[in-house]
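Single-structure report; data block below.
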Amino acid sequence: MPRPLYAEPGDRIESVKPVTVSRYRGFIRANHWITALSLILLLVSGLAFFHPSLYFLTGLFGGGQNARWLHPIIGVVLFVSFMVMFIQLWRLNLPTGDDRKWLSQIGDVVKGNEENLPELGKYNAGQKFIFWGMTILIVVLIVTGVMIWEQFFGELVSIPTRRWAVLSHSLAAVAIILVFILHVYAAFWTRGTLRAMTRGTVTGGWAYRHHRKWLRELAGRRTRGPAE
């Protein structure tokens, strides 16, 4: 079988009456929720250190010392879990000509006029923006985070460099919070999307409406059969 153009090897049409499509395998879903939980914990603990008025949030971690100790460790967990996801999904998130056309018709996207939009693979331009935005910001956060992790790397970074790292880390944190909010909002705004990360499947109607090229590829794979 040739390398999938719009789908992962595990994607498949599970049933036809009604049509149910497998979108994410269990491992990907579990890893996604580990990434999401890590990001939320980092958000809360990071805000606690961002301003004295938010320091009370350290109580959720058992106090300031625990929060400061756990924050960088959770950051490493976030980086590793997201990189696992990146290795699996980066090819399907590469920009295409369809993405440019989709963006040029963003008005139809907002209005829900899906019939006017180009047929898409597994991800649209908005989802790809979130994917690559998260990738860049998480890399910035882990690099700057290591630079300001005084317990292990304090002697390797000069004080002026560490100050720039703190500023960059803070700006990247604010940016990733905004991207995360956009990601969550889009998941609820597009009905049926959240089901993909809870049950692992979507309905045939959802797939046909939002990711038609992806569905066509899966249908063609099903028609050919496993022997081919």
Side-chain angles (χ1 to χ4, degrees), residues 24-90 93 126-127 129-190 193-200:
Y24 293 115
R25 289 166 290 171
F27 175 80
I28 294 179
R29 299 200 309 277
N31 190 58
H32 169 273
W33 290 114
I34 291 173
T35 302
L37 178 60
S38 299
L39 188 57
I40 292 171
L41 292 175
L42 288 169
L43 183 157
V44 174
S45 57
L47 287 176
F49 303 132
F50 193 78
H51 194 274
S53 65
L54 299 174
Y55 189 75
F56 72 92
L57 293 173
T58 60
L60 299 174
F61 301 89
Q65 289 185 333
N66 286 339
R68 187 168 293 279
W69 172 73
L70 286 170
H71 185 84
I73 294 176
I74 298 172
V76 173
V77 174
L78 171 69
F79 176 75
V80 172
S81 64
F82 188 84
M83 286 302 107
V84 170
M85 188 185 308
F86 178 86
I87 291 170
Q88 294 175 314
L89 303 179
W90 73 270
N93 279 280
Q127 292 168 313
F129 167 79
I130 290 173
F131 178 84
W132 291 108
M134 284 283 189
T135 300
I136 294 170
L137 291 170
I138 286 175
V139 170
V140 172
L141 287 168
I142 191 67
V143 171
T144 56
V146 167
M147 293 171 69
I148 62 179
W149 197 350
E150 295 186 29
Q151 182 180 1
F152 295 105
F153 307 101
E155 298 181 358
L156 302 179
V157 181
S158 66
I159 292 178
T161 301
R162 191 177 302 138
R163 288 172 178 166
W164 281 107
V166 169
L167 176 61
S168 301
H169 194 82
S170 300
L171 293 175
V174 172
I176 203 169
I177 289 172
L178 295 176
V179 173
F180 180 70
I181 292 173
L182 178 62
H183 175 55
V184 173
Y185 176 78
F188 282 97
W189 182 62
T190 306
T193 300
L194 193 60
R195 164 178 169 164
M197 271 301 171
T198 54
R199 305 184 198 177

Donor-acceptor pairs under 3.5 angstrom involving side-chain atoms of residues 31-41: please list them, not counting sequence neighbours.
| unit_1 | atom_1 | unit_2 | atom_2 | d |
| --- | --- | --- | --- | --- |
| Asn31 | ND2 | Ser81 | O | 2.7 |
| Trp33 | NE1 | Met197 | O | 2.7 |
| Thr35 | OG1 | Asn31 | O | 3.0 |
| Thr35 | OG1 | Ser81 | OG | 2.9 |
| Ser38 | OG | Ile34 | O | 2.8 |

Run the side-chain donor-acceptor check on residues 53-60: report pairs under 3.5 Å with partners two or more places apart or on a different chain.
| unit_1 | atom_1 | unit_2 | atom_2 | d |
| --- | --- | --- | --- | --- |
| Ser53 | OG | His51 | ND1 | 2.8 |
| Thr58 | OG1 | Tyr55 | O | 2.8 |

N/O donor to acceptor pairs below 3.5 angstrom from side-chain atoms of residues 136-147, sequence neighbours left out:
| unit_1 | atom_1 | unit_2 | atom_2 | d |
| --- | --- | --- | --- | --- |
| Thr144 | OG1 | Val140 | O | 2.7 |
| Thr144 | OG1 | Leu141 | O | 3.3 |
| Thr144 | OG1 | His169 | ND1 | 2.8 |

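With rounding to the nearest 0.5 angstrom, the CH2 atom of Trp149 is 6.0 Å from the CD1 atom of Ile73. Taken from CE in Met85 to CZ in Phe27, the straight-line distance is 9.5 Å, to the nearest 0.5 Å. For the atom pair CZ of Phe86 and CH2 of Trp132, the computed distance is 4.0 Å after rounding to the nearest 0.5 Å.
Other residues, nucleotides and ligands contribute at most 12 non-hydrogen atoms within 6.0 Å of the CH2 atom of Trp69. Around the CZ atom of Arg68, the shell of radius 6.0 Å holds no more than 12 heavy atoms that belong to other residues, nucleotides or ligands. For Phe129, the CZ atom counts as loosely surrounded, since its 6.0 Å shell holds 12 or fewer non-hydrogen atoms of other residues, nucleotides or ligands.
When all heavy atoms are compared, the tightest approach of His183 to Ile130 is CA-CD1, 3.6 Å. When all heavy atoms are compared, the tightest approach of Phe61 to Asn66 is O-CB, 3.1 Å.
No side-chain heavy atom of Thr135 sits under 4.5 Å from any side-chain heavy atom of Trp90.
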